[in-house]
Protein chains: 2
Amino acid sequence: MSESKIDTRLWSSKARNLSPYIPGEQPQHDNLCKLNTNENPFPPSPKVGEAIAKVLEQQADELRLYPAPESNDLRAALAQSYNLDINQVFVGNGSDEVLALVFASFFLKERPLLSPDIGYSFYPVYAQTFGVELVQIPLEEDFSIDPDAYRQPCSGIIIANPNAPTGLLLSLADIRKLASEHSNAVIVIDEAYIDFAQIDESNADLPVSAVSLINECDNVIVTQTFSKSRSLAGLRVGMAFGNASLIEALTRMKNSFNSYPLDKLAQAGATASVLDTEYFEQTRQQVIDLRTSLTAELTTLGYKVLPSHANFVFARPKDGDASAVASALREQGIIVRHFDKPRIAEYLRITIGTAEQNNRLIDALKALQVDASVAAE
Amino acid sequence: MSESKIDTRLWSSKARNLSPYIPGEQPQHDNLCKLNTNENPFPPSPKVGEAIAKVLEQQADELRLYPAPESNDLRAALAQSYNLDINQVFVGNGSDEVLALVFASFFLKERPLLSPDIGYSFYPVYAQTFGVELVQIPLEEDFSIDPDAYRQPCSGIIIANPNAPTGLLLSLADIRKLASEHSNAVIVIDEAYIDFAQIDESNADLPVSAVSLINECDNVIVTQTFSKSRSLAGLRVGMAFGNASLIEALTRMKNSFNSYPLDKLAQAGATASVLDTEYFEQTRQQVIDLRTSLTAELTTLGYKVLPSHANFVFARPKDGDASAVASALREQGIIVRHFDKPRIAEYLRITIGTAEQNNRLIDALKALQVDASVAAE
């Protein structure tokens, strides 16, 4: 609705002051090469559709009943998969809802919340929604996070890891340091992209996820999502892992907001996804391999590509005119994300697509460079 | 988790002070006669399962993509069905989520929110969650609502209509009066049960829903749900209807909390439900007919039954010992809802079941009376 026609007379002051999150666009054209919202190029596990179809065949009548309010089957499957107790696991309607409940449960205090100045752009929105003072700590010049820069009183720290849109990974040693130096604050590690992280190919078993710190650090909450590595953005399921007392706070907050956030079908589908570890391992490795080759090709074209641990790369064209490249790609039906913000305006965030999509992107970028050199002659 | 083990040291003050909503229990036994959470005794329209199965067959791969953030197809179907513009329609993850967003969007002001002292028990929870002062206005002796009792400064009024757990209906004339007398407040009519309302059998076309007031009163928001008359409690879909500027506030609040609350399958299933008007009309009439016969049978057994416009009845046993009746029924696998609260402790809220379930209930109540008279001899 156009701004001029909006009558805010009956809105709460909170509603008037909001600056809502703007998600990446979801155009509905055919043959579009959509590399702008970090969706997985592969479909979800076939077990997901089978599990939901089974509910529809055998229990469609039960859709008349409320679903399991605490999603116990799904939480039990996650607990087993992550080697945790069920009361260390929380699930919600996408990790966005989980993060909102995290903000309400832990950050409404006298001390500010700390977060990198470049990160998931929903964090400042949540801070506004829940009246939390957010202090943004500048990333280093190379976009890395220095834990020492966080040495100040706070009620919490929230960091996307791997970070978005940079794709850089903070080490477990640094996260442990943050947790122990801020024992009176809740450290939230938003691991939306963690399943694509790989420190060292020769040592694939080395833990990269802060889930491995849950039993050691009682002030660490780790959020994850089914939207990226499990190819289920369309099903809206996210989760949090943490000390049972932190999970209890999230559960109470949920039950003061919406008792049944996950419908019966989403619970069944997500549970099937967790149980199909083989498919999960296979597709996430494929994305990692595609990232390696796309990174190499972009580098050959003169792009500076940050070392990504996510299902996207953050890349700077040689002349830094990322905005022009994004526009030129769009004309060819290839959508990538450009943030017109300080420090990152010269970069593009490009989602890892299928091999075919990545080739289409590289071909288009090559053609742009030929056009540019012809124009320069 | 047991209270004694909970460590609230890292909780926000908001989290510490919550008294979460306690939904009716969802026991998982076979052969249970579950008349405690006002679910529909009939299954959802078969078109719902067909629509979802079709998505799984033809577009399962697209579950990897984010769903339509504003649920445009579903909102368009609702707009057409209710003869409104699409920008007068909002949808969310169950009407509980919609109500939470309503509280955040309209009631955070200096003036209190007014609501009947007996109503949906989630309202006081929302008030606490969002820091809204709630002033409860006592219902009349006969549990009816007197609009004149609401003549005081307020930021809003919220009324369940038909009211829960009484089942009584407030007239459109009274709602119009509230809206015009409080032109600076938002009047929220929570119509979770409205599709079971019937003023006058001889005049079935007479409007009972406040949706008919939307174009006339710019300060009225009507919330409804797919959980009751559409037999889709398991799918989690609710909606709000109102002036486009009020809907815009809800949309912004949603996008400051969770951009994609409805998954792809829930959107498809709910849309199919809206389009199957024939099934909807048929099953809601069946529930109304079953209510009529259950009311008659309870009355014969000496129960005082309030005239219900919902898919439940609120009934008082002759001796007023509703708690004892609820316990005795539970021993026989029949669960009804008893609220141990002032004014209503002598009543039971009994969901309308299938004919078979209602007979089982009546037979059990008859047997209880025989037992009681034998014991009295």
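No hydrogens, no waters, no symmetry mates; every other heavy atom, side chains included, goes into these values. Convention: sequence-line order gives letters A, B, ...; per-chain numbering from 1.
Cation-pi geometry between B:R64 and A:F42 is not met at under 6.0 angstrom from the ring centre and within 45 degrees of the axis.
With chain B as partner, the option from A:D218, A:L99, A:L18 having the largest number of non-hydrogen pairs under 4.5 angstrom is A:L18. The candidate from B:F103, B:Y66, B:F130 with the greatest count of non-hydrogen atom pairs under 4.5 Å with chain A is B:Y66. Comparing B:G156, B:A249, B:S256 by how many heavy-atom pairs each has under 4.5 Å with chain A, the most go to B:S256. If you tally non-hydrogen atom pairs under 4.5 Å between each of A:Y126, A:Y21, A:F122, A:F226 and chain B, the highest count goes to A:F122. Considering only heavy-atom pairs separated by less than 4.5 Å from chain B, the leading option among A:L262, A:N93, A:T129 is A:N93. The candidate from B:K228, B:M253, B:Q128 with the greatest count of non-hydrogen atom pairs under 4.5 Å with chain A is B:M253. Heavy-atom pairs under 4.5 Å with chain A peak, among B:A266, B:P261, B:S95, B:A53, at B:P261. Most heavy-atom pairs under 4.5 Å with chain A, from the set B:L250, B:N255, B:T37, B:D96: that is B:N255. Your options are A:A60, A:G49, A:S259, and the one with the most heavy-atom pairs under 4.5 Å with chain B is A:S259. The candidate with the highest count of non-hydrogen atom pairs below 4.5 Å against chain B, out of A:P69, A:S227, A:G94, is A:S227. Counting heavy-atom pairs under 4.5 Å between each of A:P67, A:A104, A:G92, A:A15 and chain B puts A:P67 at the top. Contact count against chain A (heavy-atom pairs under 4.5 Å) is highest for B:G234 among B:A100, B:P20, B:G269, B:G234.
Judged purely by atom type and a 3.5 angstrom limit, B:S245 has no side-chain atom pairing as donor or acceptor with the backbone of A:I6. Looking at B:T354, its side chain does come within 3.5 Å of a backbone N or O of B:Q357 through a donor-acceptor pair.
Between atom CG of residue A:L101 and atom OG1 of residue A:T223 there is a gap of 11.5 Å, rounded to the nearest 0.5 Å. Atom CG of A:N184 is separated from atom CG of B:L10 by 7.0 Å, given to the nearest 0.5 angstrom.
For chain A, the nearby parts of B:L65 are the backbone and the side chain; heavy atoms of each come within less than 4.5 Å. The parts of A:L235 that come within reach of chain B are both its backbone and its side chain, each placing non-hydrogen atoms under 4.5 angstrom from that chain. Only the backbone of B:P41 comes within contact range of chain A, with heavy atoms under 4.5 Å apart. Looking at B:S183, only its backbone comes within 4.5 Å of chain A, counting heavy atoms on both sides.
For CG of B:N72, the number of neighbouring non-hydrogen atoms (other residues, nucleotides, ligands) closer than 6.0 Å is greater than 12. Annotation for B:D73: atom CG does not count as buried by contact number, only 12 or fewer foreign heavy atoms lying within 6.0 Å.
If you check the side chains of B:R284 and B:N311, you find no donor sitting under 3.5 Å from an acceptor.
Using a 4.0 Å cut-off between a side-chain N of Lys or Arg and a carboxylate O of Asp or Glu, B:E70 and B:K254 qualify as a salt bridge. A salt bridge links B:R252 with B:E248: at least one charged nitrogen is closer than 4.0 Å to a carboxylate oxygen.
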